Amino acid sequence: MPELPEVETFRRIMEKRALGRTVRRVLVGDRRILAGVAAVRLSRGLVGKRFSAALRHGKQAFLTVEGGGAVGIHFGMSGLPVILEKGEPEPPHSRVVFRFTDDTALVFRCPRMFGKVRLLQSANRFIEQRGLGPDALAADLRAFRKAMKPRKGAVKGALLNQSVLAGIGNVYADEVLFQTGIAPETPGERLDAEDHRRLHGNLRRIFTTSLRLETDWTAVPKTWLIPNRNRDGSCPRCRNPLRRGTVTGRTTFWCASCQSDRSENLYSGGTSR
DNA sequence: CTGCAGTCCTGGTGGC
DNA sequence: TGCCACCAGGACTGCA
């Protein structure tokens, strides 16, 4: 499930292996993966040109094309980039293949077809048109607080909303709420400045740790929620069974004893962490 | 404006 | 063991 750290890892792979090579041909294995561009136009826009930069904003990745334009890649829930060496066969579910003149290739694999490939005038214009919020990793505390400005709905909904902050998905939303001790359904307006400060700090730490581990979920600390988010999983802090339910339409794991909905703050100070 | 349910799609899994 | 219904996930659409 590519969220911000996974997409940043993908960006680095593409940066290392897709830049500076000339596109020889573009093969579209399934045109449903294309958004707003026909296969022919995508091909005509790229053949003979090189990718000049690999960018990322939230969960969106972009390969800028020399001479103007960019390819936008959204990985959906199962997408990933695969680099093919010369002579290496295409893996299953190769939806778009960017074949270079040196016979290596960049493949967009996307088994579950939730991803999208676009041909854009510019990455920044796309980000603006989509109304994407600030990148969740790049945002400083000031930008984070501004984005999370008091909202009535569940705090998890705000974290998942890409127009509030770009890059947080279901798994990391649960993780940051767990580590901050905030229940996922807590109304945003109930959070105070200290909650925001801790959410922001924890989010940055979680993302940078995940990046350092190259997003290998088997290697994340046992004290995190991620290794325990399964049926009959238990809280790594208090060992109580984790709750599993639906918040803003998404499967959610949380610990009822370690995560507070902040309502008791109204009449008892200092009990929550 | 805001939040939320429904929808897309397919591989993996739970349950029988 | 084999089969199948069901579920997950991100983001868009449409509704209240």
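To find a chain, count down the sequence lines: A is the first, B the second, and so on, and within it residues start at 1. Fair warning: this is a prediction, and the values are worked out from it, not measured in the lab.
- Hydrophobic clustering, defined by side-chain heavy atoms of Ile, Leu, Val, Met, Phe, Trp and Tyr closer than 4.5 Å, groups A:I127 together with A:L55, A:F62, A:L120, A:F126, A:L132.
- The interatomic distance linking A:K116 (NZ) with B:dT7 (P) rounds to 18 Å, in whole Å.
- For the residue pair A:R250/A:T248, the side-chain donor-acceptor check at 3.5 Å is not satisfied.
- When each of A:G153 and A:R250 is assigned the nucleotide of DNA chain B with its nearest heavy atom, A:G153 is the one assigned upstream, toward the 5' end.
- Of all nucleotides listed (C:dG10, B:dC4, B:dC9), C:dG10 comes nearest to the side chain of A:H74.
- The nearest heavy atom of DNA chain C to A:L160 and to A:R112 marks one nucleotide each, and the one closer to the 5' end goes with A:R112.
- Salt-bridge annotation for A:R56 and A:D135: present, with a side-chain N of the basic residue lying under 4.0 Å from a carboxylate O of the acidic one.
- The listed nucleotides are B:dC4, C:dA11, B:dG3; the one nearest the side chain of A:T248 is B:dC4.
- Between the CE atom of A:M113 and the P atom of B:dG11 there is a distance of 11 Å, given to the nearest Å.
- Put simply, CZ on A:R31 is 21 Å from P on B:dC8, counting in whole angstrom units.
- Between the C1' atom of B:dT10 and the CZ atom of A:R109 lies a distance of 13 Å, rounded to the nearest Å.
- Of the residues in residues 161-173 of chain A, those lying under 4.0 Å from DNA chain C by heavy-atom distance are A:Q162, A:G169, A:N170.
- Every residue two or more places apart in sequence or in another chain was checked for a ring pair (Phe, Tyr, Trp, His ring centres under 6.0 Å) with A:H57, and none qualifies.
- Between A:R244 and C:dA8, a side-chain N or O to OP1/OP2 separation shorter than 4.0 Å is present.
- Residue contacts for A:K59: at a heavy-atom cut-off of 4.0 Å it reaches the sugar-phosphate backbone alone, with no base atom in range.
- Of the candidate nucleotides B:dC9, B:dT2, B:dG11, B:dT2 has the atom nearest to the side chain of A:R151.
- In this structure, CZ in A:R99 is found 7.5 Å from OG1 in A:T104, a value given to the nearest 0.5 Å.
- To the nearest angstrom, C1' of B:dG3 lies 15 Å from NZ of A:K156.
- Put simply, CD on A:E189 is 13 Å from P on B:dT2, counting in whole angstrom units.
- The CD atom of A:E3 sits 15 Å away from the P atom of C:dA8 (whole-angstrom rounding).
- A straight line from CE of A:M148 to P of B:dG3 spans 11 Å, rounded to a whole angstrom.
- Counted by atom type alone, A:Q179 and A:R205 present one or more donor-acceptor pairs between their side chains at under 3.5 Å.
- Tested against A:D102, the residues A:R50, A:R21, A:K86, A:R17 include a single salt bridge (charged side-chain N to carboxylate O under 4.0 Å, His left out) partner, A:R21.
- Nearest nucleotide to the A:R32 side chain, out of B:dC9, C:dC12, C:dA8: B:dC9.
- Proximity of A:T251 to the phosphate of C:dA8: a side-chain N or O atom is located under 4.0 Å from OP1 or OP2.
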